[in-house]
Amino acid sequence: FTNSGTFKKTTGTGTTTFTTNSPLTVNNTSTGTIDVQSGTLAIAGGTVFNNEGLVTVAAGKTLTLSASGSGAGAGDYTLGAGAAVNLTGGTQTFTSGADISGMGLFTVNGGTMTVSATAMSVDNLALTSGTLNGTGALTVDSALTWSSATMSGAGSTTVGSGATLTISGSPFLSTRTFTNGSTTGVWSGTGTTFNMSGTFVNAGTLEATGDSTLQSASATGVFTNSGTFKKTTGTGTTTFTTNSPLTVNNTSTGTIDVQSGTLAMAGGTVFNNEGLVNVAAGKTLTLSSGGSGTGAGDYTLGAGAAVNLTGGTQTFTSGADISGMGLFTVNGGTMTVSATAMSVDNLALTSGTLNGTGALTVDSALTWSSATMSGAGSTTVGSGATLTISGSPFLSTRTFTNGSTTGVWSGTGTTFNMSGTFVNAGTLEATGDSTLQSASATGVFTNSGTFKKTTGTGTTTFTTNSPLTVNNTSTGTIDVQSGT
């Protein structure tokens with residue numbers, strides 16, 4: 001059936017159907033118009049539908065492409081308000097020149113939409129099942145709704161800055177590049193998984209309103225945020241994790257904003273932060289992955305906010321900063337300071353390692369228990385900060401300087417191991433009866449401020465496994481106020 005003129009469906013409110021017992025091809029040529037003015041027009045069975053002309057679907061009417069056959073063409077679709085084109089079977093290939101416009105909705109729901117056009121646009125697109133693929137570049141100008149369907153192929157899909165984006169269910173991004181430019185993008189749902197082995201670029205705003213998972217699937221996935229990624233509403237955990245390698249890049253223009261619940265980088269996820277990470281008061285970012293990440297980006301933490309580094313390595317390069325009333329905790333992971341100079345307001349070292357060649361300054365509070373400081377760099381607690389040492393920390397090859405006037409070393413029966421350099425330039429008060437001991441290499445404890453033993457009625461001991469030197473300088477005071 002070849003239409004080079006005008007084919008109209010009118011009056012009847014039911015369905016007019018093209019279908020097959022034997023092969024059927026419907027060709028709408030470059031001069032042809034198919035005009036659905038009433039009810040539904042269905043291309044069904046094994047029918048091949050090739051559109052090189054114009055398909056018009058009037059407001060509230062429907063074109064169903066349910067055939068198992070494959071069709072192709074450079075033709076246009078114009079959809080009135082409330083009109084629908086439903087691709088529920090077979091493959092429709094859109095070649096250069098093709099366009100889908102109007103207020104109606106083109107839905108891929110079981111079929112395959114192949115974009116081979118170098119560039120093509122669609123106003124309103126829904127991906128509910130089936131596949132969008134091809135080598136071409138597709139731009140969505142008004143609205144994209146994506147749930148439980150696959151994007152694949154070597155091409156790209158871009159949601160324009162003036163469009164809306166809604167992601168839900170369990171979509172799959174496979175080998176394709178998807179770019180969100182929408183300023184109102186929403187990723188909703190709880191307990192669902194977004195699988196990817198392609199590249200997701202958030203250049204606009206994407207708001208995760210539920211507690212779902214983004215997971216690399218059968219091949220490497222890359223999530224790049226050059227816009228704003230927000231976690232909002234959901235009080236549980238939104239997770240980036242891995243079956244295959246996953247890299248999350250927060251670029252120099254990117255902001256990751258945790259406004260509710262917890263955002264987790266888990267599995268083997270590599271998290272690179274060159275931009276800004278903001279964690280609102282009382283909210284949490286967990287860096288629990290086994291992967292390694294790096295960056296010169298900043299972390300801003302509200303009162304009661306937490307960043308928990310529980311696995312992998314995060315390297316902080318020149319320009320990085322951690323500020324705010326919240327707490328950055330190293331608890332099993334490794335914090336590497338390669339920045340020449342870097343500051344953190346509030347830091348807790350409970351297990352794991354702080355290392356690197358850079359100079360780290362703690363401006364507000366350091367809590368140090370059962371974790372290791374190492375590397376050729378230095379850690380300094382500022383004069384206006386607080387210092388609390390407890391448990392069994394280890395200072396290995398690093399230079400640690402306490403400038404706090406209210407430093408406390410608490411605990412009884414515990415051991416502070418060191419093979420680095422500890423400089424007490426402020427006040428350090430030993431309130432318990434613990435031991436400072438040189439470990440596998442020479443340790444040096446230099447007191448140029450005030451070291452006090454208070455409260456504990458037993459013995460605070462400086463001793464050796466390897467050589468230990470205790471220097472009380474010309475400005476130093478050692479004050480034994482209790483015990484031994």
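Values below: every heavy atom of this structure, side chains too, minus hydrogens, waters and symmetry copies. From a predicted model like this one, the values you see are computed outputs, not experimental measurements.
In this structure, CE in Met196 is found 10.0 Å from OG1 in Thr220, a value given to the nearest 0.5 Å. Here Asn278 contributes atom CG and Asp298 contributes atom CG; the two are 11.0 Å apart, rounded to the nearest 0.5 Å. Going from atom OG1 of Thr380 over to atom CZ of Phe400 covers 8.0 Å, rounded to the nearest 0.5 Å. A distance of 5.5 Å separates CG in Asn225 from CD1 in Ile256, rounded to the nearest 0.5 Å. Of the inter-residue distances, the one linking Met335 atom CE with Met373 atom CE reads 10.0 Å to the nearest 0.5 angstrom. Summarising the geometry, atom CG belonging to Leu366 is positioned 5.5 Å from atom CG belonging to Leu387; distances are rounded to the nearest 0.5 Å.
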> ring-ring contact (aromatic ring centres under 6.0 Å, His included) between Phe240 and Phe229: does it pass, once the steps are laid out?
Replying inline: CA-CA 13 Å; Phe240 288 72; Phe229 177 86; 5.6 Å; yes
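Looking at Thr463 and Thr461, their side chains never bring a donor and an acceptor atom within 3.5 Å of each other. Thr414 and Ser434 form a side-chain donor-acceptor contact under 3.5 Å, judged by distance and modelled atom types alone. In the model, Thr475 has a side-chain atom that pairs as donor or acceptor with a side-chain atom of Thr473 under 3.5 Å. Side-chain contact, Thr232 with Gln259: no donor N or O sits under 3.5 Å from an acceptor N or O. Side-chain N/O atoms of Arg398 and Ser378 include no donor and acceptor closer than 3.5 Å.
At least one donor-acceptor pair under 3.5 Å links the side chain of Ser438 to the backbone N or O of Asn465. Put simply, the side chain of Ser260 gets close to the backbone of Gly234: a donor and an acceptor are under 3.5 Å apart. Listed for the Asn346 side chain is a donor-acceptor partner under 3.5 Å among the backbone atoms of Gly324. A donor-acceptor pair under 3.5 Å is formed between the side chain of Asn180 and the backbone N or O of Ser182. Side-chain atoms of Thr184 do not come within 3.5 Å of backbone N or O of Thr164 as any donor-acceptor pair. A side-chain donor-acceptor contact under 3.5 Å links Ser466 to the backbone of Ala439. Between the side chain of Ser96 and the main chain of Ala117, no donor-acceptor pair closer than 3.5 Å is present. When atom types are taken as modelled, the side chain of Thr464 and the backbone of Gln437 share no donor-acceptor pair closer than 3.5 angstrom. Under a 3.5 Å cut-off, the side chain of Ser129 and the backbone N or O of Gly110 do form a donor-acceptor pair. No donor-acceptor pair closer than 3.5 Å links the side chain of Thr310 to the backbone N or O of Asn331.
Using cut-offs of 30° and 60° for the angle between ring planes, the Tyr299 and Phe328 rings count as perpendicular.
For the side chain to side chain contact (heavy atoms under 4.5 Å, CB included) with Ser142, the lone residue among Val159, Leu125, Asp123 that qualifies is Asp123.
Between Asn308 and Leu287 the shortest side-chain heavy-atom distance does not fall below 4.5 Å.
Taking the side chain to side chain donor-acceptor pair (under 3.5 Å) definition, one finds that Asp211 meets it with Lys231, sequence neighbours left out.
Taking the six-membered ring for Trp, Phe416 and Trp368 have ring centres closer than 6.0 Å.
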